[in-house]
Protein chains: 2
Amino acid sequence: MGVIERKEREKELRSENIIDAAERIFFNKGFEHATMNDVAEEAELSKGALYLYFHSKNELCMAILQRSLHILRKIFVLLLNEKNLTGIEKFTKLAELFITFAKEHTNHYNSLLSYREHRENCPATGKIIKSTIEENQNINNIISDIIKMGQIDKTIKKNIDADRLSLALWGNFTGIMPSSILSEKVITNFNPEDIIKYHFELLINAIRN
Amino acid sequence: MGVIERKEREKELRSENIIDAAERIFFNKGFEHATMNDVAEEAELSKGALYLYFHSKNELCMAILQRSLHILRKIFVLLLNEKNLTGIEKFTKLAELFITFAKEHTNHYNSLLSYREHRENCPATGKIIKSTIEENQNINNIISDIIKMGQIDKTIKKNIDADRLSLALWGNFTGIMPSSILSEKVITNFNPEDIIKYHFELLINAIRN
DNA sequence: TCACCAACTGACCCATGGTCATATTTTGTC
DNA sequence: GACAAAATATGACCATGGGTCAGTTGGTGA
């Protein structure tokens with residue numbers, strides 16, 4: 001009797017459906033202006049039911065953020081496993097992929113930037129928070145691994161600290177600059193893409209063997 | 001009769017007092033958990049009075065953020081005007097100063113990271129938003145100028161794009177990584193300081209003449 | 001002394017996150 | 001099929017807090 005298993009699957013499905021609905025609502029109205037009633041309606045559930053699956057509005061948001069990280073990780077994994085590319089070539093492609101991600105998954109990219117805002121209001125013990133941290137860690141490891149591959153195939157200098165550099169890059173990727181301050185046209189004519197690419201160029205020069 | 005002038009001064013003073021109170025409350029309770037009633041009480045005013053000086057809670061927050069930028073700018077101006085330092089030396093000191101700022105003005109530093117959150121809910125026409133953008137622009141110009149000084153005194157490569165590099169650095173400084181994701185002990189043993197310093201090291205290698 | 005006006009007050013409005021007693025559906029048992 | 005127990009869902013309700021506004025206060029200038 002796979003009743004329990006089926007129920008578990010259904011519960012998982014409901015949860016995913018709620019996140020789907022939340023994405024549509026949050027991405028459309030913005031986190032602050034979207035209400036839990038909106039989400040409930042979109043999910044074809046009552047508000048109370050939402051709270052059977054998520055502790056709070058913030059946690060629901062973290063679930064979306066986790067998805068964003070998941071998408072990005074999958075993209076990076078593809079790069080990591082690609083044959084016929086040297087380490088430094090993969091490293092170069094990182095910037096490109098990230099820009100593509102920001103362009104093609106703009107809403108998800110933006111969700112990453114509100115990590116702080118939502119994270120603070122979620123208990124650290126939750127499953128969602130844990131997955132989020134795990135995804136994040138994975139992404140850093142992938143970047144780090146790409147650098148290390150470059151050191152093995154001798155296209156990246158041996159003395160580069162792969163772990164530190166990967167963290168620095170990640171910080172740069174998710175810096176608030178690209179999407180907010182920079183997008184104030186008043187401030188600059190450069191677009192975020194420009195800046196990220198230029199920054200990468202300099203780093204590549206610094207680490208190339 | 002300087003009555004009008006005096007009144008203007010007093011109004012300005014009130015405004016500053018409110019921001020003082022708001023800092024004490026927001027920095028203590030956190031933006032989300034602090035209420036306008038708290039701020040009003042701390043400022044020894046009624047809630048209604050706050051709204052004579054600031055359009056919204058978010059705008060009050062932007063006023064704090066503007067102060068943060070102002071503090072940081074003053075620090076950077078000192079560096080810019082320092083004699084007896086070459087361009088590359090000043091550039092090197094930028095990282096140090098920023099880390100010091102983050103350590104000694106942690107609350108103000110954190111306020112910078114919530115730019116997006118508050119910015120979205122403020123009309124672009126407001127005086128506070130304008131000053132914020134201006135301070136931001138100034139800081140970018142200072143960083144850019146430091147790089148250009150290095151190019152003049154030949155300690156920094158001629159072909160470095162000062163404007164783009166300054167924006168990339170600013171993005172890195174205000175990335176969400178340092179204070180949030182990185183501070184999850186689970187993820188890494190490095191502290192933000194480490195990462196920023198290492199990143200700078202690489203860049204310095206790349207741009208040094 | 002008085003009219004005026006800017007500064008200020010705080011009771012009030014209302015939107016919304018979150019709760020909970022109740023209702024509905026599903027499941028297991030006989 | 002009947003029925004109790006458990007799981008799931010409902011939506012009226014509550015508390016909170018951002019924001020408003022009719023009314024008060026007190027300084028100013030005539």
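Per chain, numbering begins at 1; letters A, B, ... match sequence-line order.
- Within the structure, the ring-ring contact (aromatic ring centres under 6.0 Å, His included) test picks out the following pairs touching residues 118-145 of chain A (sequence neighbours left out): Phe31(A)-His118(A).
- Summarising the geometry, the separation between CD1 on Ile25(A) and P on dT16(C) is reported as 13 Å, rounded to the nearest angstrom.
- Residues of residues 16-24 of chain B that place a heavy atom closer than 4.0 Å to DNA chain D do not occur.
- Spacing between atom CG of Asn121(B) and atom P of dG18(D) amounts to 13 Å, rounded to whole angstrom units.
- Under 4.0 angstrom from either OP1 or OP2 of dA6(C) there lies no side-chain N or O belonging to Arg6(B).
- For the ring pair (Phe, Tyr, Trp, His ring centres under 6.0 Å) test, no residue two or more places apart in sequence or in another chain qualifies with Phe76(B).
- Remark: aromatic rings of His105(A) and Tyr109(A) are distant, center separation not under 6.0 Å.
- With sequence neighbours excluded, no residue forms a side chain to side chain contact (heavy atoms under 4.5 Å, CB included) with Ile152(A).
- At the phosphate of dT26(C), neither OP1 nor OP2 sits under 4.0 Å from any side-chain N or O atom of Lys7(A).
- Residues satisfying the ring pair (Phe, Tyr, Trp, His ring centres under 6.0 Å) test with His108(B), not counting sequence neighbours, are Phe27(B).
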Table of protein N/O atoms under 3.5 Å from nucleotides 3-6 of chain D N/O atoms:
none

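- Under the side-chain hydrogen bond (donor to acceptor under 3.5 Å, both in side chains) criterion, Ser111(B) pairs with Ser68(B), not counting sequence neighbours.
- Distance alone, capped at 3.5 Å, is enough to place a donor-acceptor pair between the Thr92(A) side chain and the Ile88(A) backbone.
- Among residue pairs with one or both ends in residues 122-131 of chain B, none qualify as salt bridge (Lys or Arg N to Asp or Glu O under 4.0 Å); sequence neighbours excluded.
- The stretch residues 28-58 of chain B touches DNA chain C through Leu45(B), Ser46(B), Gly48(B), Ala49(B), Leu52(B), Tyr53(B), each having a heavy atom under 4.0 angstrom from the strand.
- Checked against salt bridge (charged side-chain N to carboxylate O under 4.0 Å, His left out), Lys11(A) has no partners two or more places apart in sequence or in another chain.
- In terms of the side chain to side chain contact (heavy atoms under 4.5 Å, CB included) criterion, residue partners of Glu201(B) (sequence neighbours excluded) are, by chain and number, Tyr198(B).
- Applying the side chain to side chain donor-acceptor pair (under 3.5 Å) test to residues at least two apart or on different chains, the pairs with a partner in residues 39-53 of chain B are Arg24(B)-Glu42(B).
- At whole-Å resolution of the value, CD in Glu8(B) and C1' in dA7(C) are 15 Å apart.
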